[in-house]
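Basis for what follows: all heavy atoms, side chains included, without hydrogens, waters or symmetry-related copies.
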Amino acid sequence: ESPRTPVELLPIVERMQGFLGLHPEYEVSQLNLTAARAGELFRELGDAMTTVISEKTKCAQLLIARDEKAKALRKRLRGLINELDYFMEPNDPRWRLFGLNMPDSVQRPDQPENVTVTLINNTDAHVTWEAPARAERYHIFQRIVGIDSEPVNVGASYDPDFVLAALPPQAEIEIAIRALNEGGESGLSEMVTVKTGA
C-alpha cells in the first residue's frame, strides 16, 4: 500500500536519497530521479511538516483564547440580564432596547431530544433531532475533544436537521442542539459523540 501521510512518506524519501547516493547508476536525471532531488524533497517535506505543526499550535492557542473571551462575555451578559431582571418587569418593552426578548412574551422552547449523528464520509456528518415544542429555529454546537474547552456554535437551521461539513479528520467530536424562539432559547440537548475517519 502506498504511503498516504507525510509521516509515512518522509522515511521513504530519506531511504531513496541514501540508496541513490550509494548507487548513482540507478539515477534517471530525465525523470529528476536523483539523490539530490530526493534530498530536496526530504527537506521541503520536513519543513512543510514543521510549518503545519507550528500553525496547529497557533490555532490551538487561538481557540483557547477565543473560548476564554467567549466565557467572559457570556458571564457579563448573564450579569446584565440578571440586573435587568431585578429592575424591570418581565413585560417591560425596554428589554428589546437591549436586544433581548421580554421574558414573559413567549414561552421558551423545550430542549431538543433524540439527537442522531450519521457520518456521510470521513469528515462530513448529518445531524437530526426531534423538533421540540415551540421551537422556531436551532443552533448547532460542537466540541472537538482535546481542542475546545466548551461547545462552539457552528451553525443554524430552521429544520431539525443539519450537515456538519469539513470536520477535522481522526477526531472525537461532541454535538448538541439548542432550540430558539422569540421567548428565548432552550438548554443544550444531550451531547452525542462521533468519531471522524482518516
Practice item. Cation-pi check, R178 to Y138: give yes when NZ or CZ is under 6.0 Å from the six-membered ring centre and within 45° of the ring axis, no otherwise. Key: no
**Study point:** Close side-chain approach of I175 to F141, heavy-atom, < 4.5 Å
**Key:** no
Practice item. For the pair V154 and L164, evaluate side-chain contact (heavy atoms from CB on, under 4.5 Å) and give the outcome as yes or no after the intermediate values. Key: CA-CA 8 Å; V154 293; L164 291 167; 3.6 Å; yes
Exercise for review: State the CE-CG distance between M16 and L33, to the nearest 0.5 angstrom.
Suggested key: 6.0 Å
**Study point:** Flag if over 12 foreign heavy atoms under 6.0 Å of CZ, F19
**Key:** yes
Check your understanding: Donor-acceptor pair, N153 side chain versus G155 backbone, under 3.5 Å?
Key -> yes
Exercise for review: Could you tell me which non-hydrogen atom of V13 sits nearest to which non-hydrogen atom of F42, and how far apart they are?
Suggested key: CG1-N, 3.7 Å
Practice item. Locate the shortest heavy-atom distance separating P151 from L188; write the atom from each residue and the value. Key: CG-CD1, 4.2 Å
**Study point:** F162 reachable from V115 in the ILVMFWY side-chain graph, under 4.5 Å edges
**Key:** yes
Review point. How many angstroms lie between atom CD1 of I177 and atom CD1 of I140, to the nearest 0.5 angstrom?
Key: 5.0 Å
**Study point:** Test item: side-chain donor near acceptor, D85 and N82, under 3.5 Å
**Key:** no
Review point. Under a 4.5 Å cut-off applied to non-hydrogen side-chain atoms, are I173 and P168 in contact?
Key: yes
Practice item. Please report the shortest heavy-atom distance between A176 and S189, naming the atom on each side. Key: CA-OG, 3.5 Å
Review point. Between the side chain of D161 and the main-chain N/O of H126, is any donor-acceptor distance below 3.5 Å?
Key: no
Review point. Going from NE2 on H139 to OG on S157, what distance comes out if it is rounded to the nearest 0.5 angstrom?
Key: 10.0 Å
Exercise for review: Could you check E40 against R37 for salt bridge (Lys or Arg N to Asp or Glu O under 4.0 Å), going step by step and ending with a plain yes or no?
Suggested key: CA-CA 5 Å; E40 291 175 1; R37 180 55 180 157; 3.0 Å; yes
Practice item. Please answer: with hydrophobic residues joined when any side-chain heavy atoms are less than 4.5 Å apart, are M88 and L97 in the same cluster? Key: no
Review point. Taking C-beta and beyond as the side chain, do S186 and P112 meet within less than 4.5 Å on heavy atoms?
Key: yes
Exercise for review: Could you tell me which non-hydrogen atom of E174 sits nearest to which non-hydrogen atom of M191, and how far apart they are?
Suggested key: CB-SD, 3.7 Å
Check your understanding: Should we count CD of E44 as having more than 12 external heavy atoms under 6.0 Å?
Key -> yes
Review point. Can you check whether T128's main-chain N or O pairs, donor with acceptor, with T116's side chain at less than 3.5 Å?
Key: no
**Study point:** Heavy atoms of other groups near E113 CD, more than 12 under 6.0 Å
**Key:** no
Point to revise | side-chain contact (heavy atoms from CB on, under 4.5 Å) between W95 and L84, worked out | key: CA-CA 8 Å; W95 282 98; L84 292 175; 3.8 Å; yes
Point to revise | Between CG on residue L73 and CD on residue E68, distance to nearest 0.5 Å | key: 13.5 Å
**Study point:** Pairwise distance OG1(T5) to CG(L10) - rounded to 0.5 angstrom
**Key:** 10.0 Å
Point to revise | Main-chain N/O of T123 paired to T196 side chain as donor or acceptor, under 3.5 Å | key: no
Review point. So which heavy atom on G21 is nearest to which on P24, and how close?
Key: O-CD, 3.9 Å
Check your understanding: For the atom pair CD (Q17) and CG (L22), what is the distance rounded to the nearest 0.5 Å?
Key -> 10.5 Å
Exercise for review: For D148 and R143, work out which heavy atoms get closest and say how close.
Suggested key: O-NH1, 2.9 Å
Check your understanding: Stepwise, does the side-chain contact (heavy atoms from CB on, under 4.5 Å) test hold for D110 with R134?
Key -> CA-CA 7 Å; D110 291 341; R134 298 177 298 281; 2.7 Å; yes
**Study point:** I147-I53 co-clustered via ILVMFWY side chain contacts under 4.5 Å
**Key:** no
Point to revise | D47 side-chain N/O to T50 backbone N/O, donor-acceptor pair under 3.5 Å | key: no
Review point. Should I120 and V163 count as side-chain neighbours, where that means a heavy-atom distance under 4.5 Å?
Key: yes
Review point. Does the pair L20 and Y26 meet the rule for a side-chain contact (heavy atoms from CB on, under 4.5 Å), with working shown?
Key: CA-CA 7 Å; L20 293 175; Y26 289 106; 4.0 Å; yes
Exercise for review: Indicate if L180 and L100 have the same hydrophobic cluster label, given that clusters are the connected sets of ILVMFWY residues with side-chain heavy-atom separations under 4.5 angstrom.
Suggested key: no
Practice item. State, yes or no, whether a side-chain contact exists between R78 and K75 at a heavy-atom distance under 4.5 Å. Key: no
Check your understanding: With hydrophobic residues grouped by side-chain heavy-atom distances under 4.5 Å, do V152 and L167 end up in a single group?
Key -> yes
Practice item. Evaluate the side-chain proximity of D67 to S149: yes if any heavy-atom separation is below 4.5 Å, no if none is. Key: yes
